[in-house]
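A quick write-up on the structure given underneath.
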Amino acid sequence: MEQTPQIPKEKFKMIHEDDNQEQEKIGTPSLTYLQDVRRRLLSNKVATVCMVLLSIIVLISVFAPIVAPHNPNEQKVEYANLPPKIGEANIPGFNGMQKRGGKVVNAYKEVGAPKGTTYLLGTDYLGRDLLSRIIYGTRLSLIVAILATLVDLIIGLPYGIISGWKGGRTDIVLQRIIEIISSIPNLIVVILMMIILKPGLASIVIAIALTDWVTMARLIRAQTFQLKEQEYILAARTLGESSTKIATKHLIPNLSSTIIIQTMFTIPNAIFFEAFLSFIGIGIPAPNASLGTLLSDGQKAFRFLPYQMWAPAIVLSIIMIATNLLGDGLRDAFDPQSSD
Amino acid sequence: MADEKTPIVQVKHLKQYFNIGKPNEVKAVDDVTFDIYPGETFGLVGESGSGKSTTGRSIIRLYNPTSGQILFKGQDISKLKNRSPKMKQFRRDMQMIFQDPYASLNPRMKVKDIIAEGLDIHGLVKNDDEREKRIKELLGMVHLNPEHMTRYPYEFSGGQRQRIGIARALAVDPQFIIADEPISALDVSIQAQVVNLLQDIQKQQGLTYMFIAHDLSMVKYISDRIAVMYHGKIVELADADEIYSHPLHAYTQSLLSAIPVPDPEVEKTRKRIDFDHSKHFTDNQTLQEVLPGHFLYCDDATAAKFKN
Ligand SMILES: Nc1ncnc2c1ncn2[C@@H]1O[C@H](COP(=O)(O)OP(=O)(O)O)[C@@H](O)[C@H]1O
Ligand SMILES: [Mg+2]
């Protein structure tokens, strides 16, 4: 202390208090945390595009009866396997031309369809409009995905938080229940459901509801265990914050990346699970379409009529990619530290 | 000091065990008794794992004590129910400042909401304007720019974060604050700043502190009395000067010998006194007052020797 080296006076410079104040005034606008999240999300272009894309897909599915050009289940066997055609425009791939018997012919004329008959994405082997079937199929797949997500959030999330937060005996009991549930394969649950209910949306959804939240609950429990020892949670407790408030104010915002990432797995899993069930013939019963049944049908004729599989595959891919990118964007948006 | 005053906190035979009855049972705090007087700074010192944080957390009722009593202003708070009105008042009267400035602030909350947490819980402000005003006042008290209240914790340095934590604790007008190694995670250059701030606030508000630390270097300057903790027990308790000049317990002597001295000549010859656990602990020892105001964990024979 006593031996401070002597620094000549002229080497010091007076700092004005205002300089400092100016520097420190990088005040961000006064928004709440959630407003911040929205601002950060909207400033992410990729996420915004994906959100718009998904909104369009959701809107089309919701208004399927209005939007779909044809009845998706109406068969016109004489119009079977027509190629895509958009009006009279001559767009390659969408002009109704098709190779038949070694020659490229106008398939629509060939089957004697009246002038003006168009199927934007062609028809399937029973002459059903593929576009309408895709719209209805997407609707069904989305219902499955949304229900699975809701189950994750309504059962899995609170279950995991309670298990992790309470710990001790509550946790042991809750974890045993989870172990029992997860030891039963999904497929068996669906098959058992089909004994009680008819095969269809209901049994798929119930099977998902019974089993799908388990992973979410496990992940959330593990994270809650870690979070509850964090000092900011202890601080909240010493201030007298109630457990419910701690969950909503402290736990969920800090669990958000886990929640989002897990949801990003749940959505494709649910869609694929439905597709798989439909594919092996115990999912959505004919004549109803889902993206799974469409892929399964399209795959059978892929070598000769590739468009029948391309269209549903593209829609499915867009949904998957968009949800994933939107998920990434949401995760970043919830994290104040990801600078925008 | 202050023998005639009534203590603000009385800890009586406090035990805090974890995993009771299991193979991994831990006696984190094992029969600890001490008083803290209003207005003083009570230092609690001991190596890492000796049970200091657990003691603090039991006193502030983050844990339910295994046994023993904790009296706060004469009232036993060790068995208060979580949602009772008395507990609610207790949550305002006693507050804690935490060790890790990076873990003690919710990264997803704005500074103003962090500081206002207590205000919101206890309904201490009537409207947003009043809330804002109070937040600014608290930020001013800890020498932070009120303009910064809309920022997130990651934008602050360790020392600034620690001051935000202090402001959060002060928001509910506490009388007693447990500071659990509030400076040990900070840069040495910042430690003094935070300590000075704590002392200024103590003077202004008439607060009582329990200051936890893992070495004696800073505590001996700021504490009025010091308790030395080892393996869940208090081995020595006396006035700070007394602990410093007449340490009786071998463990205290060992701790003192570990303080570096800002003098190269002394430092060259400074010897760390090693502490041998088995030599100094036997079964029939208790904490006894061997000299006026000086307590030592020892057996009766040793105590008698000092008393004469
Ligand atoms: N929640 C807990 N469960 C089990 N053991 C614990 C728990 N908290 C602390 N301990 C143990 O109690 C002992 C004292 O810990 P602590 O009070 O944190 O020590 P200090 O703060 O002095 O470093 C340590 O051995 C620690 O492992
Ligand atoms: Mg500690």
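These figures come from a predicted structure and were not determined experimentally. Heavy atoms only: backbone and side chains are in, while hydrogens, waters and symmetry mates are out. Naming: A, B, ... by sequence-line order, numbering from 1 per chain.
Salt-bridge check for A:Lys166 with A:Asp171: failed, with every basic side-chain N at 4.0 Å or more from each acidic carboxylate O. Under a 4.0 Å N-O distance rule, the pair B:Glu137/B:Arg134 qualifies as a salt bridge.
With hydrogens and angles ignored, the 3.5 Å screen pairs a side-chain donor or acceptor of B:Arg163 with a backbone N or O of B:His143. The closest donor-acceptor contact from the side chain of B:Tyr152 to the backbone of A:Gln337 lies at 3.5 Å or more, if one exists at all.
The aromatic ring centroids of B:Phe90 and B:Phe72 lie less than 6.0 Å from each other.
Contacts between A:Lys245 and chain B at a heavy-atom distance below 4.5 Å are absent for every atom of the residue. Only the backbone of B:Leu105 comes within contact range of chain A, with at least one heavy atom under 4.5 Å from a heavy atom of that chain. Both the backbone and the side chain of B:Phe98 come within contact range of chain A, judged by heavy atoms closer than 4.5 Å. Only the side chain of B:Gln95 has a heavy atom closer than 4.5 Å to any heavy atom of chain A. With a 4.5 Å cut-off on non-hydrogen atoms, B:Met109 touches chain A through its side chain but not through its backbone. Within the 4.5 angstrom heavy-atom criterion, no atom of B:Arg92 approaches chain A.
In terms of heavy-atom pairs under 4.5 angstrom with chain A, the leader among B:Val172, B:Asn82, B:Asp100 is B:Asp100.
Side-chain contact of B:Arg108 with A:Ser256: a donor-acceptor pair under 3.5 Å is present, judged by distance alone.
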